[in-house]
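A quick write-up on the structure given underneath.
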Amino acid sequence: MSATAKGASQRRPDLDTLYSVNADGSRNYLYPADVAGRWQVRQKYIWAVLIAIYAGLPWITIGGHPAIHIDLASRNAYLFGLTFTNQDFFLMFFVVTGIGFALFVTTALLGRIWCGFACPQTVFMEGVIRKVERWIEGPRTTRIRRDEGPWTFDKTWRKVAKNLAFLAIAYLVAHIFLSYFIPVRELLTVVRTHPDENMLAFGWTMFFTTIFFIDFAWFREQTCLIICPYGRLQSALIDQDTVIVGYDAERGEPRSKKKNDGGDCIDCYRCVAVCPTGIDIRNGLQMECIGCTRCIDACDDIMRKIGKPEGLVRYDSQRSFDGGERASLARPRVFLYAILGVIGLTVAGFSIADRDPFHANALRAQGIPYMLEGERIRNLYSIHLQNKTNEPITLEIMGDEAVAPGIEYLIPQPSVVLQALEDHEVPVFAYLNRDQFDGSFPLDLVVADPSTGEIQRLTVTFRGP
């Protein structure tokens, strides 16, 4: 029998151990109870919108491409009408740091509100999976009693039905995830064909379906507690004035089962029973808390029943819970995170706006550094061109004779038409009379887009004997 099932008399959550793991290392399976309240209503609508966004974005087309499409095979990405190639990957540093510091600002202000309201793990786990589980297996007490009892037909068919439902949901979520890498209309075609015809896509589908099924059916809160590093970061990001989900110990203590004997907390254990990570919020802020607000609604419901004011468990700062006055939101660490985030996003914005429409790179051709052809020295270079736009462009290639007088250039393909996102290599031959060579020197190759006036200079070295 699990510790959760046996009740509070055997074990209660504490600050020294992980409640979802028993002392012998076995899993203490959690059975969060149902809860209703204003925060759950808000979450329900937020989750519905987020699921619609997650599933709907791949269907939205901007400029002939999905709103978000990461094409790993071609090393390209389409993001809300913008096109990026592998040459633009460095921009991800500024985008990721900007988003990261924006999350830091949010955490410094409102704690783990992202985890409780917007993280896909929470959205699908709490907004979909647990609802399906309750629909098939019943409320908390019924599930505990059935799991403790022997295997019967009723228990068997419910377990099978629940896991089949989880598998179907995992299969669907896997396809939603893959639709960001394979255009959704192509993915629908792939789904209708035999796996042998698209083994790579089929393999990834089965892989992610398995991962999601294990998460939904078994791993659950362990994803937040063990795998995700964000919970461990929060201790470095919050302070005494961060708004968190907390317990007002000054008002609630001492706890008493009698209504008017002690503080407002009657130790009903309801806040623990509804917690999806198995913590006791009355022990203070903990790494396991994902800010889901279930304990707030549960406690408010009890307070209404016993005629006490709501808010014994509420959103507030630790300073307020300790009897002080919460400081302004404009605190030094918030300013620091905000400034760093703005810098990252600003640099990313300017870099994206000023991107070159094409990429050009010149390298010496593989092999010997030069060739002797009678009285002339020949160097061979290879220019790699890449169109970074969604439209065809024409590029012209030439050598700058002013930089290296006496050099004769032979360019077999001086004008190149590149289709959208196409790349191409062009050989360039450079010749110089032997009597004019007195040591290696640089020369410039020029790639120009006549339609825009964009010019890129590629400096290479001419070598000889």
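For E391, the CD atom is loosely surrounded, since the number of other residues' heavy atoms within 6.0 Å does not exceed 12. Crowding of W59 atom CH2: a count of heavy atoms from other residues, nucleotides or ligands under 6.0 Å exceeding 12. With a 6.0 Å radius and a threshold of 12 heavy atoms from other residues, nucleotides or ligands, E250 has its CD atom at or below the threshold. By the neighbour-count criterion of 12 heavy atoms within 6.0 Å, atom CZ of R134 is densely surrounded, having more than that number from other residues, nucleotides or ligands.
In this model, no donor atom of one side chain and acceptor atom of the other lie less than 3.5 Å apart for D241 and S317. Between the side chains of D297 and Q40, at least one donor-acceptor pair of N or O atoms lies under 3.5 Å. Using modelled atom types, one finds a donor on one side chain and an acceptor on the other under 3.5 Å when comparing Q386 with N86. No side-chain donor-acceptor contact under 3.5 Å links Y19 and E221.
The two residues S20 and Q222 come nearest to each other via the heavy atoms OG-NE2, 2.6 Å. The shortest non-hydrogen separation linking V417 to E422 is O-OE1, 4.1 Å. The two residues C295 and V313 have their closest heavy-atom pair at SG-CG1, 3.7 Å. Nearest heavy atoms, N163 versus F213: O-CE1, 3.4 Å. Taking each heavy atom of H175 and Y171 in turn, the nearest pair found is ND1-O, 2.8 Å. G278 and L30 make their closest contact through N-CD1, 3.6 Å (heavy atoms, listed as atom of the first residue, atom of the second, distance).
Between R251 and L312, some side-chain heavy-atom pair lies under the 4.5 Å cut-off.
Using modelled atom types, one side-chain atom of H69 and one backbone atom of F181 make a donor-acceptor pair closer than 3.5 Å. Under the 3.5 Å distance criterion, the side-chain polar atoms of N198 are left unmatched by any main-chain donor or acceptor of A201. At least one donor-acceptor pair under 3.5 Å links the side chain of R333 to the backbone N or O of L237. Here the side chain of D215 pairs no donor or acceptor atom with the backbone of W218 at under 3.5 angstrom. At distances below 3.5 Å, at least one donor-acceptor pair connects side-chain atoms of R294 with backbone N or O atoms of V274. Formation of a donor-acceptor pair under 3.5 Å by the T152 side chain with backbone atoms of K155 is found in this model. Using modelled atom types, no side-chain atom of T122 and backbone atom of A118 make a donor-acceptor pair closer than 3.5 Å. For T193 (side chain) and V190 (main-chain N/O), a donor-acceptor pair under 3.5 Å exists by modelled atom type. Panel note: side chain T142, backbone G138; no donor-acceptor pair is recorded below 3.5 Å. Using modelled atom types, one side-chain atom of N387 and one backbone atom of Q419 make a donor-acceptor pair closer than 3.5 Å.
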> What do the steps show when you test D280 against R12 for salt bridge (charged side-chain N to carboxylate O under 4.0 Å, His left out), and what is the final call?
Replying inline: CA-CA 8 Å; D280 188 338; R12 286 200 170 198; 5.0 Å; no

>> Apply salt bridge (charged side-chain N to carboxylate O under 4.0 Å, His left out) to residues R282 and D267 and explain how you reach the verdict.
In response: CA-CA 10 Å; R282 296 171 298 177; D267 202 20; 2.7 Å; yes

>> Walk me through whether T85 and L421 qualify under side-chain contact (heavy atoms from CB on, under 4.5 Å).
In response: CA-CA 8 Å; T85 69; L421 301 177; 3.9 Å; yes

>> Under the criterion salt bridge (charged side-chain N to carboxylate O under 4.0 Å, His left out), I'd like the reasoning laid out for D322 against R319: C-alpha separation, chi angles, the key distance, then a yes or no.
In response: CA-CA 5 Å; D322 293 338; R319 193 184 304 278; over 6 Å; no

> Hey, mind stepping through T277 and Q286 against side-chain contact (heavy atoms from CB on, under 4.5 Å) and telling me if it holds?
Replying inline: CA-CA 11 Å; T277 59; Q286 298 152 70; over 6 Å; no

> What's the verdict on salt bridge (charged side-chain N to carboxylate O under 4.0 Å, His left out) for E310 and R38, showing C-alpha distance, side-chain angles and the deciding distance?
Replying inline: CA-CA 12 Å; E310 297 178 5; R38 66 183 189 278; 3.7 Å; yes

> Given the rule in the side-chain contact (heavy atoms from CB on, under 4.5 Å) test, do I136 and R143 qualify, once you have shown the distances and angles that lead to the verdict?
Replying inline: CA-CA 10 Å; I136 296 176; R143 297 199 306 272; over 6 Å; no

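Taking CD1 of I62 as the reference point, atom CG of L79 lies at 10.0 Å (rounded to 0.5 Å). To the nearest 0.5 Å, atoms CZ (F202) and OG1 (T209) are separated by 9.0 Å. Rounding to the nearest 0.5 Å places CH2 of W204 at 9.0 Å from CG of L72. Rounding to the nearest 0.5 angstrom, the gap separating the CD1 atom in I227 from the CD atom in Q121 is 8.5 Å. The distance from atom CZ of F219 to atom SG of C224, rounded to the nearest 0.5 Å, is 10.0 Å. Taken to the nearest 0.5 Å, the NZ atom of K305 stands 12.0 Å off from the CG atom of D300.
Between E133 and the options R158, K159, R140, K162, a salt bridge (Lys or Arg N to Asp or Glu O under 4.0 Å) holds for only K162. Tested against K388 for a salt bridge (Lys or Arg N to Asp or Glu O under 4.0 Å), the candidates D423, D88, D356, D449 yield a single pass: D88.
Using a cut-off of 4.0 Å between Lys/Arg side-chain N and Asp/Glu carboxylate O, D154 and R146 are scored as salt-bridged.
Ring geometry for Y31 against Y29 counts as perpendicular: the plane angle is over 60°, on a 0 to 90° scale with 30° as the lower cut.
Geometrically, R355 engages F84 in a cation-pi contact, judged by NZ or CZ lying under 6.0 Å from the ring centre and within 45° of the ring axis.
Residues satisfying the side chain to side chain contact (heavy atoms under 4.5 Å, CB included) test with I129, not counting sequence neighbours, are M125, F166, I169, F216, R220. Under the rule for a side chain to side chain contact (heavy atoms under 4.5 Å, CB included), the partners of V416 that lie at least two apart in sequence or sit in another chain are L385, I397, Q413, L418, H424, V426. With sequence neighbours excluded, no residue forms a side chain to side chain donor-acceptor pair (under 3.5 Å) with T141.
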Sequence neighbours excluded and cut-off under 3.5 Å, please list the side-chain donor-acceptor pairs for residues 41-51, or say none.
| from | atom 1 | to | atom 2 | distance (Å) |
| --- | --- | --- | --- | --- |
| Q43 | NE2 | G116 | O | 3.1 |
| Q43 | NE2 | C292 | O | 2.7 |
| W47 | NE1 | F117 | O | 3.2 |

Only distances under 3.5 Å count here; give the side-chain donor-acceptor pairs of residues 346-353 to other protein atoms, sequence neighbours excluded, each with its distance to 0.1 Å.
| from | atom 1 | to | atom 2 | distance (Å) |
| --- | --- | --- | --- | --- |
| T346 | OG1 | V342 | O | 2.6 |
| S351 | OG | V347 | O | 2.7 |

Using residues 91-112 as the side-chain source, report each donor-acceptor pair under 3.5 Å to any protein atom, sequence neighbours left out, with the distance given to one decimal.
| from | atom 1 | to | atom 2 | distance (Å) |
| --- | --- | --- | --- | --- |
| T97 | OG1 | F93 | O | 2.8 |
| T97 | OG1 | F94 | O | 3.0 |
| T106 | OG1 | A102 | O | 3.0 |
| T107 | OG1 | L103 | O | 2.8 |
| T107 | OG1 | Y230 | OH | 2.2 |
| R112 | NH1 | M287 | O | 2.6 |
| R112 | NH1 | C289 | O | 3.0 |

